[in-house]
Each structure stands twice: as structure tokens, then as C-alpha cells.
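Naming convention: chains lettered A, B, ... in sequence-line order (proteins, then strands); numbering from 1 in each chain.
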Amino acid sequence: MTTPLHSWNLEPAAARALQTELARKVVLRNEVGEVRRIGGVDVGFEDGGKVTRAALVVLSFPSLAVLERQLVRVPTTFPYVPGLLSFREMPAILRAYEQLGEKPDLLLCDGQGIAHPRRFGIACHLGVWLDVPTIGVAKKRLVGWHDEVADVKGATTALLDKGQRIGTVLRSRVGVKPLYVSPGHRVNHEEAVSWVMRCLTRYRLPEPTRQAHKLASLEK
DNA sequence: GCGACAG
DNA sequence: ATCTTGTCGC
């Protein structure tokens, strides 16, 4: 199946309205069943941003061994606008997902889940679109505030915004900037953090996302 | 009007 | 994200 590009070419105002609408479909209850395969998603750009590279890597769980890798390159059709990242990166990601053999039971995305102005970051959009459990693992904060996180691997503190919890700030390893973890779809805060922690080894990023980033940046 | 601002 | 070399530290 091919994704119609036009449905992603919306004006910023229309895209924001669509996010507010689709955010109602996000499920924040834990519906993650048995997990044998975990997928990692990341996107890179080349040729001055004219080409979008989407990388999707599937790892076995709990061994975290790489089972499959998919890399697709498509023309970029949407600019980077804070808060509208999914409209820029999802078309390419969906192409990579289509190429996958065995679909993963859970997807970790480089970017926010509900830790978003309209509670609909790229992890939510991908999760709702594919109807699969997803978790947002961002390297930086988009919205919200939080206390300092202890410099101890596994230390966490809640990410808050407008009186509600929107995510968790997690120190994935000593001496590095913390990660911003938030539910994407079909998972709750606690499980989101738990899955990320179970995928941590000796690096700042959890294996699924780390492997996807390596592939997207062509650093094979 | 002045900052903030995932990738 | 991407553009880019060396450099500090385990």
C-alpha cells in the first residue's frame, strides 16, 4: 500500500487542528502484550534537507539483537516546524514500515509522544496511524518543566505542563543529558519508562533508537 | 512585543 | 536535523 502524499501536505493551521482532533484517539492505557520484537525509528536528512531518510530497525527482546533493518529515502515535502514534526517525517517512516517483514510488538520513536503542545507528538501520530504501541524518546524538551534529575543511571522526575503529567525525564547513563520519555499510544507512563530502561545498555540512547540513528545517519 | 522551539 | 576538526577523558 502507498501513502498518499497529499494528505500530509497541510497548512500549519490545518495540521495543528488535525493534531487536536487525532489526539482524542490516543490510548494511554497499557495495552502492550508479550514483546518479542521492539522497533526503533529515526530520521535523517541529506542534500540540504531535500531528501528524507527514514530508518527502522527491529530488535529481539530481551536479547536486543538486531533482526531487521529498513532504510528508505524520499523527497522532503514539509518543512521543520516545532510541533509539526510528524508531518515532515512520517511519510518516510511509513514507507520503511511497509518494507518490514515481521512487524514489531512495540515501537520506540526518536521524538515526543504526548509531551507535546497538543499532546500529539510523532510517537502518538505513528501509533494511532498504525494502531500499534509506541513510546516517544526525545533528546530534548519541547514543552513542560521539571526538577533536576539525579546524575544516576535510572533516575527520573516527572515532566509537567499545565497541571498535568506529560512524560518522564530519565537519566539513561551517568554524565549525559537526560532523555524525555512519554507515551505515544497504548502505553502508560510507567510502562513507557520501563521499556526504555530495559533497552538501555552502555549508551545514552536505548538500543532500538540508537540502532535506528546509526542506520539513518549512514554510520554503518 | 519578547523568547521558546522534538528533528 | 545538518554544516565540521580537533580534543578531552575513560
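- Across all strands, A/Gly121 comes closer than 4.0 Å to base atoms (heavy-atom distances).
- No hydrogens or angles considered: nothing links the side chains of A/Arg16 and A/Thr20 as a donor-acceptor pair under 3.5 Å.
- Nucleotide B/dA6 holds its P atom 14 Å from the CD atom of A/Gln19, rounded to whole Å.
- Here A/Tyr80 does not count as stacked on C/dA1, because the ring centres are not under 5.5 angstrom apart with planes under 30°.
- Rounded to whole angstrom, the span from the CZ atom of A/Phe78 across to the P atom of B/dA6 amounts to 15 Å.
- Residue A/Arg202 is classed as having no contact, given no heavy-atom separation below 4.0 Å to the nucleic acid.
- Remark: the A/Thr156 side chain and the A/Thr168 side chain contain no N/O donor-acceptor pair separated by less than 3.5 Å.
- Note: CG (A/Leu84) to C1' (C/dA1) measures 16 Å, nearest angstrom.
- Taking every side-chain heavy atom of A/Phe45 into account, C/dA1 is the closest of C/dA1, B/dA6, B/dC5.
- As rounded to whole Å, 9 Å separates atom P of C/dT2 from atom CD of A/Glu46.
- Within a 6.0 Å sphere centred on CZ of A/Arg69, heavy atoms belonging to other residues, nucleotides or ligands number 12 at most.
- As judged by a 4.0 angstrom heavy-atom cut-off over every strand, A/Glu89 is placed among residues touching the sugar-phosphate backbone only.
- A sub-4.0 Å separation between OP1 or OP2 of C/dA1 and a side-chain N or O of A/Lys139 is present.
- Taking the six-membered ring where the residue is Trp, the centroids of A/His185 and A/Trp129 are separated by 6.0 Å or more.
- Among the heavy atoms of the strands, none lies under 4.0 Å from A/Gly136.
- Between A/Leu205 atom CG and B/dA6 atom P the separation is 16 Å, expressed in whole Å.
- Residue A/His213 places at least one side-chain N or O under 4.0 Å from the OP1 or OP2 atom of C/dA1.
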Step-by-step side chain to side chain donor-acceptor pair (under 3.5 Å) determination, A/Glu68 to A/Gln70
CA-CA 7 Å; A/Glu68 182 178 355; A/Gln70 287 300 336; 3.0 Å; yes
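- OP1 or OP2 of B/dC5 lies within a sub-4.0 Å distance of a side-chain N or O belonging to A/Arg141.
- If you check every strand for non-hydrogen atoms under 4.0 Å, A/Leu179 touches nothing.
- Rounded to whole angstrom, the span from the NZ atom of A/Lys50 across to the C1' atom of C/dT2 amounts to 13 Å.
- Look at CD1 on A/Ile166: it is 12 Å from C1' on B/dA6, rounded to the nearest Å.
- Computed from coordinates, the A/Ile122 CD1 to B/dC5 C1' distance equals 16 Å when rounded to whole Å.
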